There are 4 protein chains.
Amino acid sequence: MDPFDPTPDDRFTFGLWTVGNTGRDPFGEAVRAPLAPTTIVQRLSECGAWGVNLHDNDLVPFGASAAQRDAIVREFKAALEEHGLCVPMATTNLFSHPVFKDGAFSSNDPKVRAFALRKTMDAIDLGVELGAKTYVFWGGREGSEADACRDPRTAVARMRDALDYLCEYVVDQGYDLKFALEAKPNEPRGDIYLATTGHMLAFIATLARPQMVGVNPEVAHENMAGLSFVHGVAQAMEAGKLFHIDLNAQKIGRYDQDLRFGSEDVRQAFLLVRLLEGTSGTERYSGPRHFDAHAYRTEDDEGVWDFARGCMRTYKILKARAQAFDADPAVRELIAEQRDAVLEPLCKGYSREKAAKLRAAALDPAQLAARGLRYERLDQLMMEHLLGVR
Amino acid sequence: MDPFDPTPDDRFTFGLWTVGNTGRDPFGEAVRAPLAPTTIVQRLSECGAWGVNLHDNDLVPFGASAAQRDAIVREFKAALEEHGLCVPMATTNLFSHPVFKDGAFSSNDPKVRAFALRKTMDAIDLGVELGAKTYVFWGGREGSEADACRDPRTAVARMRDALDYLCEYVVDQGYDLKFALEAKPNEPRGDIYLATTGHMLAFIATLARPQMVGVNPEVAHENMAGLSFVHGVAQAMEAGKLFHIDLNAQKIGRYDQDLRFGSEDVRQAFLLVRLLEGTSGTERYSGPRHFDAHAYRTEDDEGVWDFARGCMRTYKILKARAQAFDADPAVRELIAEQRDAVLEPLCKGYSREKAAKLRAAALDPAQLAARGLRYERLDQLMMEHLLGVR
Amino acid sequence: MDPFDPTPDDRFTFGLWTVGNTGRDPFGEAVRAPLAPTTIVQRLSECGAWGVNLHDNDLVPFGASAAQRDAIVREFKAALEEHGLCVPMATTNLFSHPVFKDGAFSSNDPKVRAFALRKTMDAIDLGVELGAKTYVFWGGREGSEADACRDPRTAVARMRDALDYLCEYVVDQGYDLKFALEAKPNEPRGDIYLATTGHMLAFIATLARPQMVGVNPEVAHENMAGLSFVHGVAQAMEAGKLFHIDLNAQKIGRYDQDLRFGSEDVRQAFLLVRLLEGTSGTERYSGPRHFDAHAYRTEDDEGVWDFARGCMRTYKILKARAQAFDADPAVRELIAEQRDAVLEPLCKGYSREKAAKLRAAALDPAQLAARGLRYERLDQLMMEHLLGVR
Amino acid sequence: MDPFDPTPDDRFTFGLWTVGNTGRDPFGEAVRAPLAPTTIVQRLSECGAWGVNLHDNDLVPFGASAAQRDAIVREFKAALEEHGLCVPMATTNLFSHPVFKDGAFSSNDPKVRAFALRKTMDAIDLGVELGAKTYVFWGGREGSEADACRDPRTAVARMRDALDYLCEYVVDQGYDLKFALEAKPNEPRGDIYLATTGHMLAFIATLARPQMVGVNPEVAHENMAGLSFVHGVAQAMEAGKLFHIDLNAQKIGRYDQDLRFGSEDVRQAFLLVRLLEGTSGTERYSGPRHFDAHAYRTEDDEGVWDFARGCMRTYKILKARAQAFDADPAVRELIAEQRDAVLEPLCKGYSREKAAKLRAAALDPAQLAARGLRYERLDQLMMEHLLGVR
């Protein structure tokens, strides 16, 4: 077997909306017929995926009756069972229906906010029924173009109210569920509140139950703004807040592309996989490897599964490359940590005595500046590992 | 007198490095002779500024002896006294000397980290001696190009160690000083850690003394990444963390331009001034209005003061425009808050009963979706106020 | 009457697809019902517009029979007549139907290229029948994500073949029609061939009938890439190639926003209107002032007309501001052209003698460098005119 | 020998200013001592480079006397001879000295324009004396921040005057030299005239001797604006205008990074090398492979040569990958050109008869739309070749 072909042990997941994307865009109509959720379950299982994620309305149409919903859920659970797939994550569609045209939790209309809250409670129930352990919040339209329409502080406060309310709901229901907040800087709104993973982490610290809430960073969303995705994910990991992740690819400064994982900025993708897999000796990210991407609009159904396999294969290739990179003695030598048994204790845990000693220490900036760091060599080694010539 | 000419009551400040900028850039040499700090004090005072800010080495050259330093400080304080200027903010230059070529607090070399810490303690002493109440941290080179050189989590942890240490130093010295952290996504490094005001707010929440530490957002720095500066500042204000602000102008997706305030994206500048001045009925930002910008390289000394006056005049023009906008009855009607006495209490402060009532409430999404929000009209009114035709 | 209210003399035009936009986007459904083309004609006329432009399928649905087409055209012409509107420009929809999913003229499939060519001939006939004098080409999907699918040189050659063919068709039919090519860097494709107005101008120079073909620059399209729209339009004007223009607003580095004219980067909008109106003493652009934008998705039908009026009003306000700016003696003094009766002739129209004299001329770079150019003052004057305080 | 180590047959060149870069940037001082040009020649030769390029002032300091110049040139030529290096390209520094602070050929000051013209004639003489066959023009500061300072059409006209003059100078001197124009969208100016390779190609078509003038596209410069570099280079090649090329790496929407070739966007670098090397069966680019990049500021002298070797090795690795990709039967099948013996002749070379037949041809858009194009598979194959697993 090809070592890069996916297996359930890799814990790869896709959203119903990803492989089910029909290719509609702002300038054109759908190019593929919709796929039934049960068909997606079967095909994902055949591809080697481990799980499938969903928005409420990916499975249950907006406005379906309780009986319709229950029938759909029953059929879907049977398909999951039959094909051995799980649903590790669920989320709410708070953006497709025109009622959310000016946002959901941050809308100026209290009725819209109420409707959004209640739709989310129902969707949480659905997710939990399907076995989800993580519940993602992507605001969608929580933003503005005409910025005078709403004080952005009010928007943040309204979103806090909603999140606090929903945390209590989950606790009250006794659900085993944590929340993962997903940031995006813009599109479909001119500017979306809480624009990056950083802003989300800061917001979480102001919630009533911060321990229940983490982040779900998405490659494309941070990349749109040209930020280092790896740095953002690392900050979340360092704070114990990486609860989920959305893998795809995107060029900087563009419309939301949701490309096949690794197909743009493969260098960053390598660094990301290295971080998640902990190949340099740190702890691995333990959650699902979720792909939030879709096939090009040039593809028919066959191309959709080319796309899905490509996402997973590239992840595994990059993992192998990261393992080899971190095992390379030339690399290990270049990144070995420097220690200074005298200075380091003086710089940590302030005391007046330490500060005095630190001020008295012999430190020659010219001498310190003279040392070359060999980062060109390190980076070239990394590229040569990535390109498979070492 | 022209109503837009600045006065000390406006609390405008400039850095020594701003009006003192000599115009050197990556492709060319200085075009203006350096100005003595005491000359800058005099000229700023004549222009109507209220204060002057500085990096340690803007005033005291790197490597100066204690005697030289004291003589320089004495002369500078005399000039401040003579011209009635204060020093509300100070900061450390941790980027110009080659010793900081791979960062200061996050450097891999413990000796460099030690040197940076001690230089900052000295610079804090200097700032406090000059009367500063706010101490700014802009990392400068705390970042990377060859990302494999350092785990980004290690970088964050090292920066936390440094900030925690320095907070204790300030407390131990009995200084009345708070810290303001300034983010920048890139330049002069490929990617800088803690890339935006959002990331900084999240980082602050992990410090040992978060209450001592806030942010110093800079227009150009958030704008480089195409993020809404107004949203970022608003999030900081909502969290009580706007301790200082750097005003200038910048095009999205470019090198660090540090242009005259309001000269690019005047719409955003209007929204910012409106937020800071609280013209919509909210609390005003009480700190200095600091300009971190410099004159075009085409200018001689005369042009530098054209530049400085322009920054301050545009701020005052925008403040007047914001006041008129928020006083306009057509605007007030469009942005009046909508209330719903039944639903709002149900959506705040979760209880099982509230949730049940919320679920039972009559809410018709189609009807809610049908209402037009008149944001085109609101935004056009805003632009017409900005352009001075209302 | 308000001096900024539009009249037909202003020669403002809108596309059927602009005020007719229903608000569908990649994340949500339509929020407004479609408007009949004849209704749009009536409402535009009431708003003070001069003309209306269209894609073939904005008026005649894809796949309509000849009889249906003729009936629709008859009714539409009657509405134009009744409301006094003209159709100065027409274009082809080569992007909505799935047949164009990989481009039209540059598709790898010769059948798709043939279909696109013939659809365009039909659409040209329609445009001419409605009185259009300018025919716009916006490629839409002439681009790629998987770049290996097609040699980009082949794409350019195919587009040349199509344009050459269609020029001959127009000549053969005896139509009084010129072509205007519209560039866009990306969206809905990852990268679109001939990405900017510059690339289009270069391409035109390689056509068989370059004199028949000019450009149709769009604010949003150049702005997406962060290029100076004013510089691009100026280069086209200098080459006699500005045949049409698409006015709207857009933030740099974002999805295609098509915002109300002047609502973002009003400084650039001012410079553009100044250029088009020739207020500094140069020739005016004589074509229609066409708006290719649409109302926010938050708007109902009423908001659409707020949007349309806003586009036109802002244009007129900026025109008035530009006239005042160029009439301001302080400005005229700062931008007066410098002359040098000796050197200028030596630098134009090379001869060996001139070169020798030029080499011998006394020129002191240090002295030349010393002069300050007062551009900070000039720019501040411009901003103060823009803000209406001079 | 490692197959990816460079040899003179690879025709790799570097600028004196690239490996000689001392690491000064807007926020810090030089970190490396300047290298003598003769040392650079020796080290480049040892690295396997073929040639070295230069600005006039990289070799001869601004303001040097004729005698100094001649001595320097003599010594430099001796070094070239000794180490077997050539100088295939030369250019003028029209940006470092303050005299060029507002541009050179487009300056408002006729004296500055005259000085720039004459400096360029001298620099052309120097280049030719050293054997250069290509002369590059990079405007540097031909742009603006305060756009009202100059009509952009005037700027273009002035640049045309200068280029036309210099073409005649070259012809008159009997030099065997062609010109290559290099575009850049911004930095060090807010906006630079003729912003992209497309704009330059259009400008060239308006010159008096267009056949003497081509382009010198630079990876970083097009990438800053997020444009497809490969598409731009391909358009130039298709027009016979790729006279030279500047290889480096750059993130979109950032300051000018001039990174090691291939170290960012290695996918685009692969596509570029594939295009230049003609591995898909097209003609190869025959000019030098020039690197316009520099080592990170973290490096000492040793790191500079790590950097130089890295540029060349990555080029060769990518060339090998491109060859394998285009030789892969799975790829060849996916990109085989589709032919249609009936339709293609009808679509090329318009005649009334062909148009009639084209209109009558049976073409079913729904059927054409249904075909999947397998671009996901093609692109994944490309990535797997790039990553070295096929």
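First the proteins, then the strands, lettered A, B, ... as listed; each starts at 1. Note that the coordinates shown come from a computational prediction; the quantities given were computed from them, not determined experimentally.
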In terms of heavy-atom proximity below 4.5 Å to chain C, should [X] be classed as side chain, backbone, both, or neither?
| X | answer |
| --- | --- |
| B:Ala320 | neither |
| B:Arg254 | side chain |
| B:Asp379 | both |
| B:Phe4 | side chain |
| B:Val266 | side chain |
| B:Ile317 | side chain |
| B:Arg321 | side chain |
| B:Ala295 | both |

Within the 6.0 Å centroid threshold, strictly below: B:Phe291 and B:Phe12:
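Aromatic pair counts; centres sit under 6.0 Å.
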
Inspect the contact between B:Arg390 and B:Asp328 and indicate whether a charged nitrogen and a carboxylate oxygen are less than 4.0 angstrom apart.
yes

Any carboxylate oxygen within less than 4.0 angstrom of a Lys/Arg side-chain nitrogen, looking at B:Arg374 and C:Asp306?
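Here B:Arg374 pairs with C:Asp306 in a salt bridge, since their nearest N and O are under 4.0 Å apart.
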
Could you tell me whether B:Arg377 atom CZ has more than 12 heavy atoms of other residues or ligands within 6.0 Å of it?
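Not more than 12 within 6.0 Å, no.
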
Please test B:Asn53 against B:Thr13 for side-chain hydrogen bond (donor to acceptor under 3.5 Å, both in side chains), starting from the C-alpha separation and ending with a verdict.
CA-CA 7 Å; B:Asn53 301 322; B:Thr13 65; 3.2 Å; yes

